[in-house]
Structures are given as structure tokens and as C-alpha cells.
Amino acid sequence: MNVDDGRAESDSGADIASQSGAWITPPISYVDPRRRFCAFCGRPIARRFWRVSRGGGEGIFCDLAHARLDTTYPRSTTPRLDDLESN
Amino acid sequence: MSAISGEQRNLSLTGSEHTGLDPVTLTVIDNFLTSTCRDMGVTMMKTSYSPIFNESLDFSCVIFDPEGQMLAQAEFCPSQIGTIKFTVTWTLDELGVDAFAPGDVVLHNDPYRGSGHVPEHMMLKPVFHSGQLFGFVANVAHMSEPGAKTPGGLSGDATEVFQEGLLLPPVKIKHRGEDNEDIWKIILANHRTPKVTFGDFRAMMASLDLAEERLHELLDVHGVTTIRAACRELIEIAERRMRAEIRAIPNGVYEFEDVIEDDGISDRSYPMRLRLTVRDDDVIADFTGSAPQAVGPVNAIYAVTASAVYNAILHLTDPTIPRNEGCYRPITVIAPPGTIVNCTFPAPVAGGNTETSPRITDMVFGALQVAIPERVVAACGGTSSPFLFGGVDPRDGGLYAHFHFEGVGWGGRAGLDGNDMVVTINGNCRNTPVEVFETRYPAFLIEEYRLLPDSGGPGEFRGGLGGERLLTVTSDVTVSALLNRMKADPWGILDGGNGARGGIWVKRAGEESWQTFVEAFGTISPSKFSGIRLRPGDQVRLAMPGGGGYGDPERRDRASVARDIAEGFVTSDRASADYGYRG
């Protein structure tokens, strides 16, 4: 069993400084159930993802099309419905 | 309903420059793949043990290429067909395509790896031909007993996914044609009805074997290279035709809101917001602004939300488009993590697939009612009506468990009234027939099963009727429920009226009055609970919601109103009040 201790990803060889990004394929972890999510659509990412660096930060995407859409789609300004007491 | 003329359809089939195959041969290949999926389903229906397979047909069968692109499906359960795309691609990503050998079968049901919910188990088998991996055959089916906190799964008051059954990441239940007995032992030790699980799993495997044989027949004739190229072309055709359908929808941003009325844990409602953007030949369904994920089991995982949107778009577009990966490419779904439409581990998810899914599909229709009023439909009863029960069978001392679907009224649509008491739009399933209910299980006698007059929302095209079932308990039984549209109306559209809400009540043995489960047992929700013990002589009354009406009731054809009265669908009083009928 391949156990991801959180260090393996840094060995992936990805150029995280590149604006154009890189495909990252980290090892599978069976001891950490936390998931990564596509920064555009929210889809949980099984394993492989596209990572780009933007404006000092980074974003991960489930595919290239979503990395592109993330720069053009007008995001909803609707606030999240955190205040459920008002229902 | 189609946006493409017959002439355009013909044009769409001329693009055979990649394969050199003529349109007729391409169509034959497409139909062969689709009929293979249908035959897989017949195999499962004919060979399975449980009524949720062989009566309710809660399963789907699909074919994929090595990259996890869907090549074919058939008329199965829409919510499963949408989610299996995610289940299969997750499996291929996690295991790697090189992990597969001839004769392998991978089993998987983990919602946090793309499965719709815990009871739905996916099996995936590779198909090798002439030493090459051609693709995968797969099926997904709802097991009536997944080892949850109460019999039948779908515990209406679960607070973690662990309470919803045994979780299986992608594991090989068969390796090179041989059973992996250790996997079998773990599963059968965790389900209350292992014999049923054994039979249903074998039915799924038989279905995969049949599909593998059929694909070999096809590949023997045409070869892997040609069929692969044909599949690529069929996907391109499907995408092109789906984009043409979307292009016929006016560009715009369309919004709609609906609500999940409670989660079984508290009385809070959970609003959902949809902002649907149609731009040329693309659709983006954005659920930003929806409520945070619930404590109880009404959360949808991302795959379920996406699947529900696909379901709506497929309902709104040309049904003759080949049902493969190309259909889905123009559709993008945004669902923020941590919300009721994309919950995060370990939130419970059982009702996301049965309750939240049809609500999302309805929301797409609601959003598009202004843009394409001739195609959309009013809200359906909006619940898969899971009523679950199990216990010890006094006839033989063995354990039994069952998941029972109930129908609901569907919404009215342009030119047609809604369907009466059909299982909701995400399922394409059927209820448990009374005869099966009474002979297979010892728990209930069905006293009544009928349509409910006036339950369909009034409209130019009336909402379909909900129904009522009256059950008398005949032996000690544990029941659970996860029902919706008990507090929030199924909405009408374009001036149509709302359908009737549903409900579930109990009358204890020796008592005269009906009570809600809140009153009788202190449950938090009147319609989402689990593990309630009933005893012989108790009665349960299930009322299922109707569908919303379409268009102004005043415009309803008078002869149709008179027929509704004559057939008992609408009472004279309501005909007068809702339709202004003075017949």
C-alpha cells in the first residue's frame, strides 16, 4: 500500500512557479481521507490535477479547461447561506 | 421538442471522415453498444435475488473506453448513469489503468470516491481483445442491505457516512477470473442479508460477463482499431448535436431557488441556489450561494449534483442523440465544497442521491421556464420516497431488509398532464408490487393503494397525482424513512398551481387516531427517521406528493376538467375553486 505522508508531492517535479502550470500526480493515501477540490468547479480530485501559480498563490484544477474558465467566468457574488437561523 | 431539424440530423451523421465507416454502419455500432447495455440490464433483472433489482430496477449498465469516457448506456437510472462517470474515472485514477488484467472485477461504493451513495455498488470489468485493452464494462446497483445503522440503509437521521453502510474503495473482488474470497468475506459479514448480497453481486458479475462476450463478437467482426475510431466519432457526433441543441436555447443567465425542507436532525431548511448560464453552445450550472452541508443525510456529493444537472439537460434536448461522453461535454457544473450540493467527508449522503438529486433537476427546469417554456416541466413530487424496513422473518428466523420506492406525481408540461405516481425523475425505477410486498416479506399487509384526488397542481396542464398506501403491520418490524415534499410544495410554473405535499403517519395498535412520527415516537423530523420499532396491528399511512401544474388553470380545456371529475382525479369542489368550472 502506498501511504502518502504529505512529502511525496514536493518530489513530483512540477514547476509550481510556472504560469503555465503542470500536471501533478501525487501518491494515493489510504490514511488521509481529505480531498483536494478543483478551484473552479469544486469537483473532488481523485489523484491527478493541474496546478498553476497565479498572483503569488496557486490553484489546482481538475482539467485545463477549468483553469482557463476560471479566468473568464464571472463568478457569482451571491453570498453563501451561512446564516441558516434566518430560514 | 428537438432544436434540430430532420435535415440537420442527417447532416450530423455525415462526419465519417475519421473511420471511413458509412453512417449506417456507425449507427449499427452505436445500437449494438446500446443494446449490449440493455441486455446487461435484463441479465441483472432475471438473475438477481432482491426486489430492488428485479422489481424496482434500481441499476444501470454502461460501457467505457480505457480513459473512462462513456461509450454507451441505456434507459436505466439517470442519477446512476451520471454518477458512474465519476465513479469509473475515480477508480481508473486511483488504481491506474495498468492495474487491470483480464478477468478482474473491481467493486466500489465510496461516495467520497464518486459513488452516488453507500448502497450503490459499482462493478467494473476490463475488456481485452487480441491482447489490447479495448475498454470497460460497468454496472452500478442499489443493494437493499449495505450494513447501515438500520435495516435497508438510508438512515434518515444519520450524521456520518459511516452510519450508512460498509464503505469500499475500489477493490478487486475478482482477480484474473478468480473470486477474491477475503473481500467477499468482509462484505458478507457486514451485510444483514448476505445471501441476497451474494446473489445480487453474482447477477452484476453475470451482466459484466455477458457484455464482455458481446463486445468480443463486435471486435471479432470489425477489430479494435475500427471500433475505437467509431466510438470516437460517435462521441464527436453526440457532442456536436448536443451543442446544437444548447445553441437553440436563448443566451442568458437564469436563476432559481428551492429548498430541502429538513435534514432529519433539525428543523432547519437548506436552500439551494442555481445560476444557469447559457452562452452559445455551453451551459454552466453554478450552485454558489447554496446552504452549507447539512448535519443529516440530505447532502449531495459533487457527482450527484452534476448527474442531476445532466439529467435535466438530457430531458430538455433531443433524445435521439447518442448517449455517450459527448452529451456531457458542453455542460459544466460548479458546486462549492462544503455545501449541500458538494459535501465533504464524512457528512452523510444517503438522501442526496434520492432527494436532493430530483430537486436539482427540477431547479434546472424552473430556471429555464422563461427561456424555453415549451420544453420544461413543473416540479415533480420530488422524493424517491425511501421507506425501509427489516427484521427477523418469523417464518424461518432469518433476517430480511428492503428498500421500498413509492411513486409521486410529476409536473405538468406543455401539452400534457403530469404522470401519476411514477418514481421520481432521477430514478426511472418502479415500486415494489403489492404481491411481492406481501409474499416476500412478513411485515405488512397492504390495505389500500390508490391515487389521491386533488393532489395534482392545477394548471392548463395538470400536475400528476400523488398516491396513498395504507399498511398494517403483521410482525415486529423496524422501519425508517427519508421523505421530502412534506413541508415544501411541489411548485407549479407559468401560473400553474402547486401540487399537494405528502406525509407519513402511524396509528398504534388499539388506538383510534393517526399521529405523525414526531408525535408517536419523538423523532425530530416527521419524514426522516430510522430504527422505529412497530408491532403487529400498528398501521402506517404513506401519502405521496403530487406534481406542480403548468400554465393558468383557467386555460385548461373544459372537457379535460370534466374528464378529471368523472375519473375521480379532481373533486367537483376543487374543479370549481381551481378551474372556475361550472359543469
Side-chain angles (χ1 to χ4, degrees), chain A residues 1-4 6 8-9 12 14 22-51 57-87, chain B residues 68 86-87 89-96 110-114 161 167 169-170 253 255 257 259 261-262 266-275 277 279 282 284-292 294 301-303 305-306 329 332-346:
Chain A
M1 183 179 295
N2 192 356
V3 176
D4 176 7
E9 191 177 329
S12 63
W23 282 108
I24 309 294
T25 307
I28 295 292
S29 171
Y30 289 93
V31 295
D32 184 356
R34 289 175 299 177
R35 301 286 180 234
R36 297 179 178 89
F37 300 93
C38 175
F40 176 71
C41 73
R43 177 179 175 173
I45 293 171
R47 190 169 186 185
R48 188 167 181 254
F49 59 87
W50 178 255
R51 183 163 66 188
E58 67 171 29
I60 65 171
F61 299 92
C62 61
D63 68 28
L64 285 170
H66 284 194
R68 285 192 291 268
L69 268 174
D70 195 51
T71 63
T72 59
Y73 174 72
R75 282 282 179 182
S76 170
T77 54
T78 307
R80 204 166 102 160
L81 297 169
D82 286 306
D83 183 13
L84 285 173
E85 297 303 325
S86 61
N87 290 319
Chain B
F86 297 89
T87 325
T89 51
W90 190 289
T91 299
L92 298 183
D93 260 13
E94 180 165 328
L95 299 183
D110 183 351
Y112 290 101
R113 288 177 162 91
V161 70
L167 296 173
V253 177
E255 297 185 330
E257 292 187 19
V259 67
E261 53 208 28
D262 71 61
S266 76
D267 199 33
R268 287 176 169 174
S269 60
Y270 290 83
M272 295 186 293
R273 288 180 174 159
L274 168 62
R275 182 170 176 258
T277 301
R279 185 166 181 180
D282 283 294
I284 297 179
D286 185 350
F287 290 90
T288 301
S290 296
I301 60 161
Y302 179 88
T305 296
R329 286 181 177 167
T332 300
V333 176
I334 299 173
T339 64
I340 192 166
V341 291
N342 185 8
C343 61
T344 54
F345 180 85

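Below, chains carry the letters A, B, ... as their sequence lines are ordered, and counting in each starts from 1.
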A.B. asks: Can you give me the closest heavy-atom contact between B:Y302 and A:P44, atom names plus distance?
C.D. replies: CB-CD, 3.5 Å

A.B. asks: Please round to the nearest 0.5 Å and tell me the distance separating atom OH of B:Y112 and atom CZ of A:R34.
C.D. replies: 15.5 Å

A.B. asks: Check each atom of B:I284 against the heavy atoms of chain A and say whether the ones under 4.5 Å are side chain, backbone, both or neither.
C.D. replies: side chain

A.B. asks: Under 4.5 Å from any heavy atom of chain A, what part of B:T277 do you find: side chain, backbone, both or neither?
C.D. replies: side chain

A.B. asks: Between the side chain of B:N342 and the main-chain N/O of A:G42, is any donor-acceptor distance below 3.5 Å?
C.D. replies: yes

A.B. asks: Within this structure, what is the CZ-OH distance for the pair B:R279 and A:Y73, rounded to the nearest 0.5 Å?
C.D. replies: 11.5 Å

A.B. asks: Does any part of the side chain of A:R43, heavy atoms only, come nearer than 4.5 Å to the side chain of B:F86, both counted from C-beta?
C.D. replies: yes

A.B. asks: State the OG1-CZ distance between B:T344 and A:F37, to the nearest 0.5 angstrom.
C.D. replies: 5.5 Å

A.B. asks: Report the distance from atom CG of A:L69 to atom CD1 of B:I334, rounding to the nearest 0.5 Å.
C.D. replies: 7.5 Å

A.B. asks: For the OG1 atom of B:T89 and the CZ atom of A:R47, what is their distance to the nearest 0.5 Å?
C.D. replies: 14.0 Å

A.B. asks: At what distance, to the nearest 0.5 angstrom, does CZ of A:R48 lie from CG of B:D93?
C.D. replies: 8.0 Å

A.B. asks: Are any non-hydrogen side-chain atoms of B:T332 and A:F40 less than 4.5 angstrom apart?
C.D. replies: yes

